[in-house]
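Notes for the one structure printed next.
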Amino acid sequence: FALRVRGCFGVILNNKLLGKKQMCLSLACFCLTNGFPLLRYIVRNIVDASALRDLQDSSVIDGYALPKLYRKVYYSISAAIHSRVVRVRSRVNRRNRAPPPRFRPRDDKK
């Protein structure tokens with residue numbers, strides 16, 4: 001039985017799949033940029049807090065700051081929901097593109 005009857009495998013392309021492919025972090029599959037993958041920037045220390053304290057104690061240079069680890073991570077929508085990077089929203093709230101409100105601690109200097 002022939003899978004390919006039409007030239008486009010039964011999918012009408014119309015410039016929908018011609019974006020740059022990015023690797024999804026958790027599924028290890030390619031998610032298309034036109035398919036709206038989620039992009040997150042991760043900034044972490046190279047070592048954890050206890051090892052950082054040990055390195056600072058044994059360091060010769062006072063005040064030496066270890067470099068950080070900068071990483072750009074792509075998630076597909078299903079992987080981001082599964083790994084709780086984003087939450088599921090209702091159909092009405094999906095149209096809301098505004099960033100969530102930031103909660104800042106109040107300074108009670110009374």
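Residue indices begin at 1 and follow the sequence shown. As the structure is a prediction and not an experimental result, all values here were calculated from the model.
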Should we count CZ of R89 as having more than 12 external heavy atoms under 6.0 Å? yes
Test item: L39 and V73 side chains (from C-beta on) under 4.5 Å apart, heavy atoms: no
Side-chain touch V86/L38, heavy atoms, less than 4.5 angstrom: yes
With sequence neighbours left out, what residues match N93 under side chain to side chain donor-acceptor pair (under 3.5 Å)? S90
Count the heavy atoms of every other residue, nucleotide or ligand shown that sit under 6.0 Å from CZ of R71, and state whether that count exceeds 12. no
Roughly how far, to the nearest 0.5 Å, is the CZ atom of R53 from the CG atom of L55? 11.0 Å
Do you know which two heavy atoms are closest between I61 and S59, and how far apart they sit? O-OG, 3.1 Å
Connected via hydrophobic side-chain network under 4.5 Å: Y75 and V88: yes
V47 backbone acceptor or donor facing N45 side chain under 3.5 Å: no
What do the steps show when you test R40 against V85 for side-chain contact (heavy atoms from CB on, under 4.5 Å), and what is the final call? CA-CA 9 Å; R40 293 287 185 260; V85 175; 3.8 Å; yes
Is it true that V43 and I46 fall in one hydrophobic cluster, defined by side-chain heavy atoms closer than 4.5 Å? no
Got R87 and I81 here, is their nearest side-chain heavy-atom distance under 4.5 Å? no
List in chain and number order the residues that pass side chain to side chain donor-acceptor pair (under 3.5 Å) with S58, two or more places apart in sequence or in another chain; answer none if no residue qualifies. none
